A.B. asks: 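Once you've had a glance at the structure underneath, I'll fire off some questions.
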2 protein chains.
Amino acid sequence: MPGSPLPAYNPRDYPPVAVTVDMAVFTIHDDTLRVLLVERGEEPFKGAWALPGGFVRPDEDLNAAAARELREETGVTEEDAYLEQLRSYGSPQRDPRMRVITVAYWAACPNLAPPTGGGDAARADLVPVSRVEDLSIDLAFDHTEILGDALERLRSKMEYTAVGARFCRPRFTISELRRVYEAAWNTTLDPGNFQRNVRRSSSFKKARSGDPPRGHRVGRPASLWSIRGELSSPGRPLATRRGPRAKNRG
Amino acid sequence: MPGSPLPAYNPRDYPPVAVTVDMAVFTIHDDTLRVLLVERGEEPFKGAWALPGGFVRPDEDLNAAAARELREETGVTEEDAYLEQLRSYGSPQRDPRMRVITVAYWAACPNLAPPTGGGDAARADLVPVSRVEDLSIDLAFDHTEILGDALERLRSKMEYTAVGARFCRPRFTISELRRVYEAAWNTTLDPGNFQRNVRRSSSFKKARSGDPPRGHRVGRPASLWSIRGELSSPGRPLATRRGPRAKNRG
DNA sequence: CAAGGTTATTGACAGTGTGACAATAAGTGT
DNA sequence: ACACTTATTGTCACACTGTCAATAACCTTG
(Lines give C-alpha, C1' and ligand atoms only; values in the text may rest on other atoms or scores of the structure.)
Protein backbone atom coordinates (compact mmCIF):
# COMPACT_ATOMS: atom_id res chain seq x y z
CA MET A 1 0.00 0.00 0.00
CA PRO A 2 1.43 3.43 -0.90
CA GLY A 3 2.49 5.62 1.95
CA SER A 4 1.17 9.03 0.96
CA PRO A 5 -1.65 10.48 3.03
CA LEU A 6 -5.09 9.48 1.94
CA PRO A 7 -7.36 12.30 0.85
CA ALA A 8 -10.20 11.18 3.07
CA TYR A 9 -13.65 11.41 1.58
CA ASN A 10 -16.06 13.71 3.27
CA PRO A 11 -19.24 11.72 3.50
CA ARG A 12 -21.27 14.90 3.55
CA ASP A 13 -20.07 15.56 0.04
CA TYR A 14 -22.11 12.68 -1.23
CA PRO A 15 -25.85 12.31 -1.01
CA PRO A 16 -27.24 9.94 1.59
CA VAL A 17 -27.84 6.47 0.31
CA ALA A 18 -28.74 3.28 2.12
CA VAL A 19 -27.58 -0.16 1.07
CA THR A 20 -29.66 -3.21 1.79
CA VAL A 21 -29.68 -6.86 0.87
CA ASP A 22 -32.83 -8.57 -0.33
CA MET A 23 -33.09 -12.32 -0.46
CA ALA A 24 -34.94 -14.71 -2.71
CA VAL A 25 -34.86 -17.85 -0.59
CA PHE A 26 -36.02 -20.85 -2.60
CA THR A 27 -36.97 -24.28 -1.41
CA ILE A 28 -38.97 -27.24 -2.60
CA HIS A 29 -42.08 -27.99 -0.60
CA ASP A 30 -44.87 -30.33 -1.66
CA ASP A 31 -43.01 -30.92 -4.93
CA THR A 32 -43.37 -27.21 -5.65
CA LEU A 33 -40.70 -24.56 -6.04
CA ARG A 34 -41.41 -21.92 -3.43
CA VAL A 35 -39.94 -18.65 -2.25
CA LEU A 36 -39.94 -17.22 1.23
CA LEU A 37 -41.97 -14.02 1.45
CA VAL A 38 -42.74 -11.78 4.39
CA GLU A 39 -45.67 -9.49 4.88
CA ARG A 40 -44.72 -5.86 5.32
CA GLY A 41 -45.81 -4.41 8.63
CA GLU A 42 -45.42 -0.76 7.76
CA GLU A 43 -45.55 1.76 4.97
CA PRO A 44 -44.78 1.81 2.21
CA PHE A 45 -46.48 -1.27 0.82
CA LYS A 46 -47.89 -2.13 4.24
CA GLY A 47 -49.60 -5.48 4.07
CA ALA A 48 -47.98 -6.49 0.80
CA TRP A 49 -45.69 -9.47 0.35
CA ALA A 50 -42.01 -8.71 -0.01
CA LEU A 51 -38.67 -10.46 -0.16
CA PRO A 52 -36.98 -10.58 3.23
CA GLY A 53 -34.03 -8.25 3.60
CA GLY A 54 -32.33 -5.65 5.68
CA PHE A 55 -29.59 -3.10 5.93
CA VAL A 56 -25.97 -3.92 5.39
CA ARG A 57 -24.17 -3.16 8.63
CA PRO A 58 -21.26 -0.72 8.78
CA ASP A 59 -18.45 -3.26 8.79
CA GLU A 60 -20.21 -6.13 7.19
CA ASP A 61 -19.35 -7.74 3.90
CA LEU A 62 -22.23 -8.04 1.44
CA ASN A 63 -22.10 -11.81 1.53
CA ALA A 64 -22.02 -11.74 5.31
CA ALA A 65 -25.08 -9.53 5.37
CA ALA A 66 -26.90 -11.93 3.09
CA ALA A 67 -25.87 -14.92 5.18
CA ARG A 68 -27.03 -13.15 8.32
CA GLU A 69 -30.39 -12.32 6.80
CA LEU A 70 -30.77 -15.90 5.67
CA ARG A 71 -30.03 -17.13 9.17
CA GLU A 72 -32.33 -14.61 10.81
CA GLU A 73 -35.21 -15.40 8.51
CA THR A 74 -34.91 -19.15 8.28
CA GLY A 75 -32.46 -20.40 10.86
CA VAL A 76 -30.51 -21.95 8.02
CA THR A 77 -26.76 -21.39 8.15
CA GLU A 78 -24.63 -20.64 5.15
CA GLU A 79 -23.23 -24.18 5.14
CA ASP A 80 -26.64 -25.77 4.74
CA ALA A 81 -27.73 -23.67 1.79
CA TYR A 82 -26.40 -22.38 -1.47
CA LEU A 83 -26.10 -18.60 -1.44
CA GLU A 84 -25.19 -16.44 -4.40
CA GLN A 85 -25.36 -12.78 -5.24
CA LEU A 86 -27.76 -11.98 -8.03
CA ARG A 87 -27.24 -8.30 -8.88
CA SER A 88 -28.09 -4.86 -7.55
CA TYR A 89 -31.13 -2.69 -8.04
CA GLY A 90 -30.91 1.04 -7.59
CA SER A 91 -33.64 2.91 -9.36
CA PRO A 92 -33.85 6.30 -7.63
CA GLN A 93 -37.55 5.83 -6.95
CA ARG A 94 -37.55 2.23 -5.87
CA ASP A 95 -38.09 3.24 -2.23
CA PRO A 96 -40.10 6.42 -1.68
CA ARG A 97 -38.39 7.17 1.63
CA MET A 98 -34.85 7.68 0.43
CA ARG A 99 -32.31 6.43 -2.02
CA VAL A 100 -31.91 2.74 -1.33
CA ILE A 101 -29.68 0.50 -3.35
CA THR A 102 -30.28 -3.13 -2.73
CA VAL A 103 -27.97 -6.01 -3.44
CA ALA A 104 -30.12 -9.01 -4.24
CA TYR A 105 -29.11 -12.54 -3.31
CA TRP A 106 -30.76 -15.87 -3.90
CA ALA A 107 -30.50 -19.04 -1.89
CA ALA A 108 -31.36 -22.69 -2.38
CA CYS A 109 -32.43 -24.31 0.89
CA PRO A 110 -33.07 -28.01 1.49
CA ASN A 111 -36.66 -28.69 2.53
CA LEU A 112 -37.28 -25.52 4.47
CA ALA A 113 -40.13 -25.81 6.94
CA PRO A 114 -43.06 -23.49 6.29
CA PRO A 115 -42.91 -20.66 8.83
CA THR A 116 -45.37 -21.28 11.63
CA GLY A 117 -47.77 -18.39 11.46
CA GLY A 118 -47.75 -18.42 15.29
CA GLY A 119 -47.89 -15.20 17.26
CA ASP A 120 -44.80 -13.85 15.55
CA ALA A 121 -44.60 -10.21 14.66
CA ALA A 122 -44.13 -10.52 10.92
CA ARG A 123 -46.10 -13.02 8.92
CA ALA A 124 -44.04 -15.12 6.56
CA ASP A 125 -44.84 -17.90 4.16
CA LEU A 126 -43.43 -20.20 1.53
CA VAL A 127 -45.26 -19.16 -1.60
CA PRO A 128 -45.16 -21.16 -4.84
CA VAL A 129 -43.17 -19.10 -7.30
CA SER A 130 -45.87 -19.72 -9.89
CA ARG A 131 -48.15 -17.45 -7.89
CA VAL A 132 -45.75 -14.58 -8.45
CA GLU A 133 -44.84 -15.52 -11.99
CA ASP A 134 -48.45 -15.50 -13.11
CA LEU A 135 -48.91 -12.19 -11.28
CA SER A 136 -51.49 -13.58 -8.87
CA ILE A 137 -49.35 -11.94 -6.20
CA ASP A 138 -47.88 -8.50 -6.59
CA LEU A 139 -44.78 -7.90 -4.51
CA ALA A 140 -43.71 -4.68 -2.80
CA PHE A 141 -41.12 -2.33 -4.30
CA ASP A 142 -39.40 -3.84 -7.35
CA HIS A 143 -39.37 -7.26 -5.76
CA THR A 144 -41.38 -8.85 -8.55
CA GLU A 145 -38.61 -7.93 -10.96
CA ILE A 146 -35.96 -9.14 -8.54
CA LEU A 147 -37.70 -12.44 -8.04
CA GLY A 148 -38.08 -12.85 -11.78
CA ASP A 149 -34.38 -12.32 -12.28
CA ALA A 150 -33.59 -14.69 -9.43
CA LEU A 151 -35.76 -17.38 -10.96
CA GLU A 152 -34.11 -16.95 -14.31
CA ARG A 153 -30.70 -17.31 -12.71
CA LEU A 154 -31.75 -20.27 -10.58
CA ARG A 155 -33.11 -22.18 -13.54
CA SER A 156 -30.18 -21.29 -15.73
CA LYS A 157 -27.75 -22.39 -13.04
CA MET A 158 -29.66 -25.61 -12.48
CA GLU A 159 -29.18 -26.46 -16.13
CA TYR A 160 -25.44 -26.46 -16.08
CA THR A 161 -24.39 -26.97 -12.49
CA ALA A 162 -25.33 -29.36 -9.71
CA VAL A 163 -26.99 -26.60 -7.70
CA GLY A 164 -30.31 -28.42 -7.82
CA ALA A 165 -28.87 -30.89 -5.33
CA ARG A 166 -28.63 -28.11 -2.78
CA PHE A 167 -32.39 -28.40 -2.45
CA CYS A 168 -31.86 -31.93 -1.15
CA ARG A 169 -30.28 -33.24 2.02
CA PRO A 170 -26.57 -34.12 1.80
CA ARG A 171 -27.46 -37.66 0.74
CA PHE A 172 -30.22 -37.94 -1.80
CA THR A 173 -31.66 -40.34 -4.29
CA ILE A 174 -31.69 -39.62 -7.97
CA SER A 175 -35.47 -39.56 -7.86
CA GLU A 176 -35.42 -36.88 -5.18
CA LEU A 177 -33.10 -34.84 -7.36
CA ARG A 178 -35.28 -35.42 -10.37
CA ARG A 179 -38.33 -34.20 -8.49
CA VAL A 180 -36.40 -31.00 -7.74
CA TYR A 181 -35.85 -30.40 -11.43
CA GLU A 182 -39.42 -31.30 -12.22
CA ALA A 183 -40.61 -28.78 -9.64
CA ALA A 184 -38.32 -26.06 -10.90
CA TRP A 185 -39.80 -26.18 -14.38
CA ASN A 186 -43.15 -27.73 -13.52
CA THR A 187 -42.56 -30.50 -15.97
CA THR A 188 -41.88 -34.21 -16.11
CA LEU A 189 -38.54 -35.78 -16.88
CA ASP A 190 -37.80 -39.28 -18.06
CA PRO A 191 -36.45 -41.22 -15.06
CA GLY A 192 -34.13 -43.34 -17.18
CA ASN A 193 -32.54 -40.47 -19.02
CA PHE A 194 -32.20 -38.42 -15.85
CA GLN A 195 -30.53 -41.35 -14.15
CA ARG A 196 -28.10 -41.66 -17.02
CA ASN A 197 -27.25 -37.97 -16.91
CA VAL A 198 -26.58 -37.97 -13.18
CA ARG A 199 -24.49 -41.12 -13.37
CA ARG A 200 -22.40 -39.71 -16.19
CA SER A 201 -21.95 -36.31 -14.56
CA SER A 202 -18.73 -35.77 -12.68
CA SER A 203 -20.59 -33.55 -10.22
CA PHE A 204 -22.17 -36.43 -8.34
CA LYS A 205 -20.93 -39.58 -6.69
CA LYS A 206 -22.67 -42.56 -5.22
CA ALA A 207 -22.63 -42.45 -1.42
CA ARG A 208 -21.02 -45.41 0.34
CA SER A 209 -24.17 -46.43 2.12
CA GLY A 210 -26.21 -44.26 4.44
CA ASP A 211 -29.73 -44.27 5.74
CA PRO A 212 -32.31 -45.60 3.40
CA PRO A 213 -34.46 -42.78 2.15
CA ARG A 214 -37.51 -42.38 4.26
CA GLY A 215 -40.98 -41.55 3.11
CA HIS A 216 -42.44 -43.82 0.48
CA ARG A 217 -41.50 -47.38 1.25
CA VAL A 218 -42.75 -48.73 -2.01
CA GLY A 219 -40.79 -49.82 -5.01
CA ARG A 220 -37.18 -50.81 -5.38
CA PRO A 221 -34.98 -48.96 -2.88
CA ALA A 222 -32.83 -46.31 -4.45
CA SER A 223 -29.16 -45.79 -3.81
CA LEU A 224 -27.94 -42.56 -2.27
CA TRP A 225 -25.82 -39.94 -3.97
CA SER A 226 -24.02 -36.79 -2.95
CA ILE A 227 -22.35 -33.82 -4.57
CA ARG A 228 -18.74 -34.36 -5.50
CA GLY A 229 -16.64 -31.35 -4.55
CA GLU A 230 -17.88 -27.90 -5.29
CA LEU A 231 -20.57 -26.91 -7.72
CA SER A 232 -18.73 -27.11 -10.96
CA SER A 233 -20.27 -27.55 -14.33
CA PRO A 234 -21.41 -31.14 -14.88
CA GLY A 235 -20.33 -30.93 -18.49
CA ARG A 236 -23.73 -31.25 -20.05
CA PRO A 237 -27.10 -30.30 -18.67
CA LEU A 238 -28.85 -32.71 -16.33
CA ALA A 239 -32.09 -31.74 -17.90
CA THR A 240 -32.80 -29.50 -20.80
CA ARG A 241 -35.40 -26.92 -20.12
CA ARG A 242 -38.85 -27.84 -21.29
CA GLY A 243 -42.16 -26.14 -21.85
CA PRO A 244 -44.21 -25.23 -18.80
CA ARG A 245 -46.80 -27.86 -18.15
CA ALA A 246 -45.89 -30.98 -20.05
CA LYS A 247 -46.74 -33.22 -17.14
CA ASN A 248 -48.76 -35.54 -19.38
CA ARG A 249 -46.98 -37.95 -21.62
CA GLY A 250 -49.14 -40.10 -23.91
CA MET B 1 -49.27 3.82 -3.35
CA PRO B 2 -50.74 3.62 0.17
CA GLY B 3 -51.84 6.86 1.75
CA SER B 4 -50.47 6.60 5.28
CA PRO B 5 -47.55 8.88 6.12
CA LEU B 6 -44.17 7.47 5.33
CA PRO B 7 -41.86 7.03 8.27
CA ALA B 8 -39.03 8.90 6.60
CA TYR B 9 -35.59 7.46 7.10
CA ASN B 10 -33.11 9.62 8.89
CA PRO B 11 -29.95 9.32 6.83
CA ARG B 12 -27.86 10.08 9.91
CA ASP B 13 -29.13 6.84 11.42
CA TYR B 14 -27.15 4.87 8.90
CA PRO B 15 -23.42 4.91 8.43
CA PRO B 16 -22.03 6.83 5.50
CA VAL B 17 -21.53 4.74 2.42
CA ALA B 18 -20.67 5.70 -1.13
CA VAL B 19 -21.92 3.87 -4.19
CA THR B 20 -19.86 3.79 -7.37
CA VAL B 21 -19.94 2.01 -10.68
CA ASP B 22 -16.82 0.37 -12.09
CA MET B 23 -16.66 -0.66 -15.71
CA ALA B 24 -14.87 -3.46 -17.50
CA VAL B 25 -14.98 -2.17 -21.07
CA PHE B 26 -13.90 -4.87 -23.49
CA THR B 27 -13.01 -4.57 -27.13
CA ILE B 28 -11.07 -6.47 -29.74
CA HIS B 29 -7.96 -4.74 -31.00
CA ASP B 30 -5.23 -6.41 -33.04
CA ASP B 31 -7.13 -9.68 -32.79
CA THR B 32 -6.71 -9.49 -29.03
CA LEU B 33 -9.33 -9.17 -26.32
CA ARG B 34 -8.55 -6.00 -24.41
CA VAL B 35 -9.93 -4.05 -21.50
CA LEU B 36 -9.86 -0.32 -20.97
CA LEU B 37 -7.77 0.63 -17.95
CA VAL B 38 -6.93 4.02 -16.50
CA GLU B 39 -3.95 5.01 -14.44
CA ARG B 40 -4.82 6.29 -11.02
CA GLY B 41 -3.69 9.85 -10.41
CA GLU B 42 -4.02 9.89 -6.65
CA GLU B 43 -3.87 7.80 -3.54
CA PRO B 44 -4.68 5.16 -2.80
CA PHE B 45 -3.04 3.03 -5.48
CA LYS B 46 -1.61 6.12 -7.16
CA GLY B 47 0.03 5.13 -10.42
CA ALA B 48 -1.64 1.74 -10.56
CA TRP B 49 -3.99 0.63 -13.31
CA ALA B 50 -7.65 0.51 -12.45
CA LEU B 51 -11.01 -0.01 -14.06
CA PRO B 52 -12.67 3.28 -14.97
CA GLY B 53 -15.57 4.24 -12.77
CA GLY B 54 -17.18 6.95 -10.71
CA PHE B 55 -19.88 7.85 -8.27
CA VAL B 56 -23.53 7.18 -8.88
CA ARG B 57 -25.27 10.53 -8.90
CA PRO B 58 -28.14 11.32 -6.53
CA ASP B 59 -30.98 10.75 -8.95
CA GLU B 60 -29.30 8.47 -11.38
CA ASP B 61 -30.23 4.92 -12.13
CA LEU B 62 -27.40 2.41 -11.85
CA ASN B 63 -27.60 1.57 -15.54
CA ALA B 64 -27.62 5.26 -16.40
CA ALA B 65 -24.53 5.81 -14.30
CA ALA B 66 -22.77 2.99 -16.09
CA ALA B 67 -23.85 4.29 -19.50
CA ARG B 68 -22.63 7.76 -18.56
CA GLU B 69 -19.25 6.43 -17.44
CA LEU B 70 -18.96 4.45 -20.65
CA ARG B 71 -19.68 7.55 -22.67
CA GLU B 72 -17.32 9.73 -20.67
CA GLU B 73 -14.47 7.27 -20.92
CA THR B 74 -14.86 6.13 -24.49
CA GLY B 75 -17.31 8.37 -26.29
CA VAL B 76 -19.33 5.26 -27.06
CA THR B 77 -23.05 5.56 -26.49
CA GLU B 78 -25.20 2.89 -25.00
CA GLU B 79 -26.68 2.02 -28.38
CA ASP B 80 -23.32 1.19 -29.90
CA ALA B 81 -22.20 -1.17 -27.17
CA TYR B 82 -23.54 -4.00 -25.12
CA LEU B 83 -23.75 -3.03 -21.45
CA GLU B 84 -24.65 -5.37 -18.62
CA GLN B 85 -24.43 -5.29 -14.88
CA LEU B 86 -22.04 -7.84 -13.45
CA ARG B 87 -22.50 -7.76 -9.66
CA SER B 88 -21.59 -5.64 -6.66
CA TYR B 89 -18.52 -5.64 -4.49
CA GLY B 90 -18.67 -4.30 -0.98
CA SER B 91 -15.93 -5.61 1.22
CA PRO B 92 -15.66 -3.12 4.10
CA GLN B 93 -11.94 -2.64 3.42
CA ARG B 94 -11.98 -2.45 -0.32
CA ASP B 95 -11.39 1.30 -0.24
CA PRO B 96 -9.29 2.58 2.67
CA ARG B 97 -10.95 5.99 2.65
CA MET B 98 -14.50 5.02 3.47
CA ARG B 99 -17.11 2.39 2.89
CA VAL B 100 -17.56 2.19 -0.86
CA ILE B 101 -19.85 -0.28 -2.50
CA THR B 102 -19.31 -0.58 -6.20
CA VAL B 103 -21.68 -1.92 -8.78
CA ALA B 104 -19.60 -3.48 -11.52
CA TYR B 105 -20.66 -3.41 -15.16
CA TRP B 106 -19.08 -4.82 -18.27
CA ALA B 107 -19.38 -3.65 -21.83
CA ALA B 108 -18.59 -5.04 -25.26
CA CYS B 109 -17.52 -2.28 -27.65
CA PRO B 110 -16.96 -2.59 -31.39
CA ASN B 111 -13.36 -1.82 -32.36
CA LEU B 112 -12.67 0.84 -29.78
CA ALA B 113 -9.80 3.13 -30.69
CA PRO B 114 -6.84 3.02 -28.35
CA PRO B 115 -6.92 6.19 -26.21
CA THR B 116 -4.45 8.72 -27.50
CA GLY B 117 -1.98 9.19 -24.71
CA GLY B 118 -1.92 12.89 -25.65
CA GLY B 119 -1.69 15.55 -22.98
CA ASP B 120 -4.79 14.26 -21.23
CA ALA B 121 -4.99 14.32 -17.50
CA ALA B 122 -5.47 10.62 -16.87
CA ARG B 123 -3.56 8.06 -18.86
CA ALA B 124 -5.69 5.30 -20.30
CA ASP B 125 -4.95 2.27 -22.42
CA LEU B 126 -6.45 -0.82 -24.00
CA VAL B 127 -4.63 -3.62 -22.24
CA PRO B 128 -4.79 -7.25 -23.38
CA VAL B 129 -6.77 -9.11 -20.75
CA SER B 130 -4.12 -11.81 -20.75
CA ARG B 131 -1.78 -9.34 -19.06
CA VAL B 132 -4.15 -9.15 -16.12
CA GLU B 133 -5.12 -12.80 -16.16
CA ASP B 134 -1.52 -13.94 -15.93
CA LEU B 135 -0.96 -11.38 -13.16
CA SER B 136 1.62 -9.41 -15.13
CA ILE B 137 -0.46 -6.40 -14.17
CA ASP B 138 -1.87 -5.92 -10.71
CA LEU B 139 -4.92 -3.70 -10.58
CA ALA B 140 -5.92 -1.25 -7.88
CA PHE B 141 -8.48 -2.08 -5.20
CA ASP B 142 -10.26 -5.37 -5.89
CA HIS B 143 -10.33 -4.68 -9.60
CA THR B 144 -8.38 -7.80 -10.48
CA GLU B 145 -11.17 -9.85 -8.96
CA ILE B 146 -13.82 -7.77 -10.69
CA LEU B 147 -12.14 -8.12 -14.04
CA GLY B 148 -11.79 -11.84 -13.53
CA ASP B 149 -15.50 -12.14 -12.83
CA ALA B 150 -16.30 -9.95 -15.82
CA LEU B 151 -14.19 -12.12 -18.09
CA GLU B 152 -15.88 -15.24 -16.83
CA ARG B 153 -19.26 -13.70 -17.51
CA LEU B 154 -18.25 -12.39 -20.92
CA ARG B 155 -16.97 -15.76 -22.06
CA SER B 156 -19.90 -17.61 -20.62
CA LYS B 157 -22.32 -15.25 -22.31
CA MET B 158 -20.48 -15.52 -25.59
CA GLU B 159 -21.01 -19.25 -25.51
CA TYR B 160 -24.76 -19.16 -25.46
CA THR B 161 -25.76 -15.78 -26.83
CA ALA B 162 -24.83 -13.69 -29.84
CA VAL B 163 -23.09 -11.09 -27.67
CA GLY B 164 -19.82 -11.69 -29.47
CA ALA B 165 -21.28 -9.88 -32.45
CA ARG B 166 -21.43 -6.72 -30.36
CA PHE B 167 -17.67 -6.51 -30.80
CA CYS B 168 -18.27 -6.12 -34.53
CA ARG B 169 -19.85 -3.34 -36.54
CA PRO B 170 -23.58 -3.74 -37.27
CA ARG B 171 -22.77 -5.64 -40.47
CA PHE B 172 -20.04 -8.20 -40.15
CA THR B 173 -18.66 -11.21 -41.91
CA ILE B 174 -18.65 -14.60 -40.30
CA SER B 175 -14.87 -14.53 -40.32
CA GLU B 176 -14.84 -11.29 -38.39
CA LEU B 177 -17.13 -12.87 -35.85
CA ARG B 178 -14.99 -15.97 -35.71
CA ARG B 179 -11.93 -13.87 -35.01
CA VAL B 180 -13.77 -12.34 -32.07
CA TYR B 181 -14.37 -15.75 -30.60
CA GLU B 182 -10.82 -16.79 -31.32
CA ALA B 183 -9.54 -13.70 -29.53
CA ALA B 184 -11.80 -14.23 -26.54
CA TRP B 185 -10.34 -17.65 -25.82
CA ASN B 186 -7.04 -17.25 -27.60
CA THR B 187 -7.72 -20.29 -29.66
CA THR B 188 -8.46 -21.33 -33.21
CA LEU B 189 -11.82 -22.42 -34.51
CA ASP B 190 -12.63 -24.42 -37.60
CA PRO B 191 -14.00 -21.97 -40.19
CA GLY B 192 -16.38 -24.52 -41.65
CA ASN B 193 -17.92 -25.49 -38.34
CA PHE B 194 -18.21 -21.90 -37.21
CA GLN B 195 -19.90 -21.00 -40.46
CA ARG B 196 -22.35 -23.84 -40.00
CA ASN B 197 -23.15 -22.80 -36.44
CA VAL B 198 -23.77 -19.20 -37.37
CA ARG B 199 -25.92 -20.12 -40.32
CA ARG B 200 -28.00 -22.50 -38.22
CA SER B 201 -28.37 -20.07 -35.32
CA SER B 202 -31.56 -18.07 -35.20
CA SER B 203 -29.64 -15.15 -33.70
CA PHE B 204 -28.11 -14.06 -36.99
CA LYS B 205 -29.40 -13.22 -40.39
CA LYS B 206 -27.72 -12.57 -43.68
CA ALA B 207 -27.73 -8.86 -44.52
CA ARG B 208 -29.41 -7.86 -47.77
CA SER B 209 -26.28 -6.39 -49.27
CA GLY B 210 -24.15 -3.69 -47.74
CA ASP B 211 -20.65 -2.43 -48.12
CA PRO B 212 -18.09 -5.07 -48.89
CA PRO B 213 -15.86 -5.59 -45.89
CA ARG B 214 -12.80 -3.47 -46.07
CA GLY B 215 -9.31 -4.48 -45.04
CA HIS B 216 -7.95 -7.59 -46.66
CA ARG B 217 -8.91 -7.67 -50.30
CA VAL B 218 -7.74 -11.16 -50.85
CA GLY B 219 -9.75 -14.33 -51.17
CA ARG B 220 -13.39 -14.88 -51.92
CA PRO B 221 -15.53 -12.00 -50.68
CA ALA B 222 -17.62 -12.86 -47.65
CA SER B 223 -21.28 -12.09 -47.25
CA LEU B 224 -22.42 -9.77 -44.50
CA TRP B 225 -24.50 -10.74 -41.49
CA SER B 226 -26.22 -8.95 -38.66
CA ILE B 227 -27.85 -9.77 -35.36
CA ARG B 228 -31.48 -10.77 -35.59
CA GLY B 229 -33.51 -9.05 -32.89
CA GLU B 230 -32.21 -8.94 -29.36
CA LEU B 231 -29.52 -11.08 -27.86
CA SER B 232 -31.41 -14.25 -27.22
CA SER B 233 -29.93 -17.64 -26.84
CA PRO B 234 -28.88 -19.08 -30.22
CA GLY B 235 -29.95 -22.51 -29.11
CA ARG B 236 -26.57 -24.16 -29.11
CA PRO B 237 -23.15 -22.63 -28.59
CA LEU B 238 -21.42 -20.98 -31.50
CA ALA B 239 -18.19 -22.34 -30.21
CA THR B 240 -17.50 -24.58 -27.31
CA ARG B 241 -14.86 -23.32 -24.98
CA ARG B 242 -11.42 -24.71 -25.63
CA GLY B 243 -8.06 -24.87 -23.93
CA PRO B 244 -5.96 -21.71 -23.86
CA ARG B 245 -3.43 -21.81 -26.65
CA ALA B 246 -4.43 -24.46 -29.16
CA LYS B 247 -3.60 -22.20 -32.08
CA ASN B 248 -1.59 -24.92 -33.78
CA ARG B 249 -3.38 -27.70 -35.52
CA GLY B 250 -1.12 -30.35 -37.09
C1' DC C 1 -5.74 -14.04 -69.96
C1' DA C 2 -4.22 -18.34 -67.28
C1' DA C 3 -2.02 -19.88 -63.08
C1' DG C 4 -1.38 -19.63 -58.29
C1' DG C 5 -2.69 -17.97 -53.79
C1' DT C 6 -6.17 -16.83 -50.34
C1' DT C 7 -10.46 -16.79 -48.04
C1' DA C 8 -15.41 -18.25 -48.11
C1' DT C 9 -18.71 -21.79 -48.29
C1' DT C 10 -20.47 -26.32 -48.85
C1' DG C 11 -20.18 -31.43 -48.22
C1' DA C 12 -19.02 -36.07 -46.53
C1' DC C 13 -18.41 -39.04 -42.66
C1' DA C 14 -17.57 -41.19 -38.39
C1' DG C 15 -18.30 -40.77 -33.48
C1' DT C 16 -21.07 -39.16 -29.67
C1' DG C 17 -24.97 -37.46 -27.05
C1' DT C 18 -30.24 -37.42 -26.61
C1' DG C 19 -35.00 -38.61 -26.36
C1' DA C 20 -38.36 -42.25 -26.46
C1' DC C 21 -39.36 -46.37 -24.66
C1' DA C 22 -38.76 -51.34 -23.48
C1' DA C 23 -36.94 -54.66 -20.13
C1' DT C 24 -35.23 -56.10 -15.83
C1' DA C 25 -34.40 -55.60 -10.66
C1' DA C 26 -35.87 -55.29 -5.99
C1' DG C 27 -38.60 -53.90 -2.79
C1' DT C 28 -43.90 -53.64 -0.36
C1' DG C 29 -48.49 -55.30 0.49
C1' DT C 30 -52.05 -59.16 0.01
C1' DA D 1 -46.63 -66.55 -5.13
C1' DC D 2 -48.89 -62.39 -7.23
C1' DA D 3 -49.78 -57.67 -8.12
C1' DC D 4 -47.89 -53.21 -7.82
C1' DT D 5 -44.41 -49.57 -7.54
C1' DT D 6 -40.09 -47.42 -8.11
C1' DA D 7 -35.13 -47.96 -9.55
C1' DT D 8 -31.88 -49.08 -12.94
C1' DT D 9 -30.18 -50.79 -17.23
C1' DG D 10 -30.56 -51.34 -22.29
C1' DT D 11 -31.90 -50.43 -27.18
C1' DC D 12 -32.39 -47.76 -31.11
C1' DA D 13 -33.17 -44.11 -34.28
C1' DC D 14 -31.78 -39.52 -34.91
C1' DA D 15 -29.51 -35.04 -34.22
C1' DC D 16 -25.31 -32.66 -33.45
C1' DT D 17 -20.09 -32.20 -33.57
C1' DG D 18 -15.53 -32.29 -35.02
C1' DT D 19 -12.32 -33.55 -38.79
C1' DC D 20 -11.20 -32.90 -43.17
C1' DA D 21 -11.99 -32.61 -48.17
C1' DA D 22 -13.93 -30.14 -52.18
C1' DT D 23 -15.59 -26.21 -54.54
C1' DA D 24 -16.34 -21.17 -55.28
C1' DA D 25 -14.89 -16.52 -55.99
C1' DC D 26 -11.82 -13.06 -55.80
C1' DC D 27 -6.78 -10.90 -56.10
C1' DT D 28 -2.05 -10.77 -57.83
C1' DT D 29 1.43 -12.04 -60.85
C1' DG D 30 3.61 -13.77 -65.04
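Treat the numbers as computed from the prediction; the structure is a model and nothing was measured. So you know, we letter chains A, B, ... as the sequences are listed, proteins then strands, and number each from 1. Reckoned from all heavy atoms, side chains included, excluding hydrogens, waters and symmetry mates.
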A.B. asks: What's the CG-C1' distance between L189(B) and dT9(C), to the nearest Å?
C.D. replies: 17 Å
A.B. asks: Without decimals, in angstroms, what is the distance between N197(B) CG and dT9(C) P?
C.D. replies: 14 Å
A.B. asks: Measure the distance from CD on E176(B) to P on dT7(C) and round it to the nearest whole Å.
C.D. replies: 14 Å
A.B. asks: For G219(A) and for G192(A), find the nucleotide of DNA chain C with the closest heavy atom, then tell me which residue's nucleotide is more 5'.
C.D. replies: G192(A)
A.B. asks: Looking at S175(A), does any N or O in its side chain come under 4.0 Å of the phosphate oxygens OP1/OP2 on dT6(D)?
C.D. replies: no
A.B. asks: Would you call E84(B) and K157(B) a salt bridge, taking side-chain N to carboxylate O under 4.0 Å as the test?
C.D. replies: yes
A.B. asks: Could you state the CD-C1' distance from Q195(B) to dT17(D), rounded to the nearest angstrom?
C.D. replies: 16 Å
A.B. asks: Checking the side chain of H143(B) only, and the main-chain atoms of A50(B) only, is there a donor and an acceptor separated by less than 3.5 Å?
C.D. replies: no
A.B. asks: To the nearest angstrom, how far is R200(B) atom CZ from dT9(C) atom C1'?
C.D. replies: 15 Å
A.B. asks: Kindly say whether, by distance alone, the side chain of R217(A) makes a donor-acceptor pair under 3.5 Å with the base of dG29(C)?
C.D. replies: no
A.B. asks: Using a strict threshold of under 4.0 Å (side-chain N to carboxylate O), is an ion pair present between E159(A) and R153(A)?
C.D. replies: no
A.B. asks: Round to the nearest Å and state the distance from R220(A) atom CZ to dT6(D) atom C1'.
C.D. replies: 9 Å
A.B. asks: dA8(C), OP1 or OP2 - any side-chain N/O from S223(B) closer than 4.0 Å?
C.D. replies: no
A.B. asks: Taking atom P of dG17(C) as reference, at what distance in whole Å does atom CZ of R199(A) sit?
C.D. replies: 15 Å
A.B. asks: Closest-nucleotide mapping onto DNA chain D: is R196(A) or N193(B) further toward the 5' terminus? I mean the 5' end.
C.D. replies: R196(A)
A.B. asks: When you measure from the side-chain N and O atoms of R178(A) to the phosphate of dA7(D), is any distance below 4.0 Å, counting only OP1 and OP2?
C.D. replies: yes
A.B. asks: Between R155(A) and E133(A), is there a side-chain N and carboxylate O pair less than 4.0 Å apart?
C.D. replies: yes
A.B. asks: Rounded to the Å, how far apart are D190(A) CG and dG17(C) P?
C.D. replies: 18 Å
A.B. asks: So T32(A) and D30(A), side-chain hydrogen bond (donor to acceptor under 3.5 Å, both in side chains) or not? Walk me through it.
C.D. replies: CA-CA 5 Å; T32(A) 306; D30(A) 286 343; over 6 Å; no
